[in-house]
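Just so we're on the same page: letters track the sequence lines, and every chain starts at 1.
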Amino acid sequence: MTLNLYNTQTRRKEAFVPLTPNAVKMYCCGVTVYDLCHLGHARSYIVWDTVRRYLLWLGYEVRYVQNFTDIDDKILKRANEREMTMQEVSDRYIQEYFADIRPLNVLDADEYPRVTEHIPQIQQIIQDLIDKGYAYPVGGDVYYQVERLPDYGKLSGRKLEDMQAGASGRVNEGEIKKKHPFDFALWKAAKSGEPAWDSPWGKGRPGWHIECSAMVRSLFGDTIDIHSGGGDLVFPHHENEIAQSEAATGKPLARYWLHNGMVKIGGDKMSKSLSNFITIRNFLEHPYDPMVLRLFVLLAHYRKPLDFTEEAIASAENGWQTLQEGLHFGQRYGAKLGWKLSEMSVDSNGYKERFQESMDDDINTPGGLAVIFELAKELRKESNLLTHEGKTEIASEVLEIQWKTLVELAGVLGIEAQPEAATVEEIGEAEIAAIIEQRTAARNAKNFAEGDRLRDELKAKGIILVDKAGETTWHRG
RNA sequence: GGCGGCAUAGCCAAGUGGUAAGGCAGGGGUCUGCAAAAUCCUUAUCGUCGGUUCGAUUCCGACUGCCGCCUCCA
């Protein structure tokens with residue numbers, strides 16, 4: 001089986017072959033740290049984390065790097081508003097990033113390079129571009145000259161002459177300095193009061209796109225395997241990264257460009273500028289288990305738009321309950337069934353194969369989840385039988401393999417259940433037995449109202465009664 | 001204006017040239033005093049119109065609708 005990934009640059013699914021066998025160099029565009037992360041960020045990092053986990057599961061050695069953009073106009077603005085330094089703002093929101101993203105079971109990156117820590121490398125690549133004639137300094141700024149690169153626009157599939165400058169309605173002043181409207185800043189001259197670094201072109205700071213080019217080159221070398229990010233970064237950000245890096249090195253920047261679809265709310269893209277975003281924090285305050293969000297995201301294919309609705313979340317929440325019951329099976333019944341918890345990797349009924357088949361097809365997580373749900377539902381059923389009937393027809397070893405397969409495959413998607421908390425002993429077994437006895441008496445006397453009342457009384461204390469022929473058993477809900 | 005994407009059941013969502021996974025929600029039956037659990041059954045001609053084909057939801061074209069990007073953006 002071969003992993004196929006949809007490459008934005010070629011607009012096709014392509015067989016994934018890393019530059020170095022068994023090792024994957026993956027770079028993901030991170031956040032600009034001036035505010036809390038919203039559900040769009042959550043989707044993006046859950047998706048790329050899942051790709052990373054899948055590659056690991058396939059046996060690749062993955063080096064995953066994700067940057068923090070800690071120099072930016074919006075950070076400066078926020079710093080001024082709050083009378084903080086730029087670094088105080090970015091440090092704060094880097095902390096917040098981890099506080100929000102880690103609970104989603106997104107693995108930490110191997111490295112988190114920051115722009116402010118790569119100024120020399122950035123200046124070096126700018127100098128290289130000037131030396132090679134791809135960039136020009138003007139009055140303290142340095143611009144990339146897009147017309148010098150014949151294939152500028154190859155990632156996003158556009159031509160300079162087709163684009164409408166300023167179509168987004170956000171054109172800055174200072175346009176006159178540029179030779180072409182789509183030339184973009186590699187280095188920006190310092191304005192008074194802003195943090196600035198010395199450079200051959202005067203005091204200033206880096207432009208937005210150059211950081212990724214510089215950090216990729218510095219950490220990985222000329223070419224990486226996978227470069228990922230949100231679909232809204234295709235143009236101009238990634239297009240410009242390609243322009244910079246490939247002009248500077250003469251080598252392809254990335255072999256596979258992967259982009260996730262946007263999260264929508266009420267039909268529109270969730271974004272800062274539309275002020276229609278929900279932060280991860282707001283969402284989890286509901287409260288929802290973070291796994292609900294992870295499941296919601298993975299229930300859709302990563303490249304498609306994902307509409308955030310209450311109904312879809314409710315659906316994910318119920319689905320999570322199902323998965324959780326399957327995932328808890330081992331904890332609940334493993335010991336009782338005499339599992340030895342030995343290492344075994346027998347694939348039962350081709351579950352892993354079917355899972356892999358879906359995931360190999362451009363990370364088709366909905367297909368992978370179908371397999372996971374199948375396992376979880378079977379285990380939930382057996383769990384119910386054990387709880388209510390005290391027995392199951394399925395051999396213990398079979399259940400053990402199924403459960404391990406479930407845990408393994410769910411884990412590939414980063415879906416994990418917390419161990420069930422031991423229930424607080426609000427009520428002793430003797431007391432329960434006494435109430436059951438009272439209830440049995442009431443029921444024998446056809447006083448079902450009293451019987452139901454006693455059942456509800458216990459239910460309120462987390463005790464679920466099950467009437468079977470001749471006896472009533474109980475378990476903690 | 002340019003580039004790109006999407007349209008599948010009540011909702012979410014995969015997928016395939018030979019009559020469509022999965023999740024959520026719902027309906028009906030068996031069992032039960034009622035529940036719970038189990039179990040059986042049940043809910044789609046895949047946006048519209050053409051074309052190619054023995055046959056298309058799946059390929060091609062047109063149309064309609066929605067969305068994203070065109071120097072803030074995950």
| message | I need the CG-P distance between A/Asp232 and B/rA74, as an integer number of Å. | response | 7 Å
| Separation of A/Phe308 atom CZ from B/rA74 atom P, in whole Å? | 19 Å
| query | Hey, does A/Leu465 reach any base, or is it just sugar-phosphate, or nothing, if we go heavy atoms under 4.0 Å? | reply | base
| Going by heavy atoms in the side chains, are A/Arg78 and A/Arg92 under 4.5 Å from each other? | no
| said: Check this for me: does the side-chain of A/Asp452 come within 3.5 Å of the base of B/rG33 through a donor and an acceptor? | reply: yes
| Nucleic acid footprint by protein, nucleotides 18-29 of chain B - heavy-atom cut-off 4.0 Å, B for base, S for sugar-phosphate alone | ---BSBSS----
| said: Under 3.5 Å, is there any donor-acceptor pair linking the side chain of A/Asp307 to the base of B/rC12? | reply: no
| task | Could you check how far CD of A/Glu317 sits from P of B/rC12, rounded to whole Å? | result | 18 Å
| Candidate nucleotides B/rA74, B/rA38, B/rG4, ranked by approach to the side chain of A/Arg11 - the nearest | B/rG4
| request: When you get a sec, tell me which of B/rA14, B/rA74, B/rU39 is the closest nucleotide to the side chain of A/Lys381? | output: B/rU39
| field | Interatomic distance where CD1 belongs to A/Ile226 and P belongs to B/rA74 [whole Å] | value | 20 Å
| Polar pair under 3.5 Å, donor/acceptor by atom type, side chain A/Arg158, base B/rG4 | no
| said: At 4.0 Å (heavy atoms only), tell me whether A/Val47 reaches a base, stays on the sugar-phosphate, or touches nothing. | reply: nothing
| Does a donor on one side chain sit under 3.5 Å from an acceptor on the other, for A/His475 and A/Thr387? | no
| request: Pick base, sugar-phosphate or nothing for A/Arg439, based on heavy-atom distances below 4.0 Å to the nucleic acid. | output: base
| message | Ring centroids only, cut at 6.0 angstrom: are A/Phe283 and A/Phe296 within range, meaning strictly under it? | response | no
| request: Could you point out which residue of A/Gln66, A/His259, A/Glu211, A/His237 forms a side-chain contact (heavy atoms from CB on, under 4.5 Å) with A/Cys29? | output: A/His237
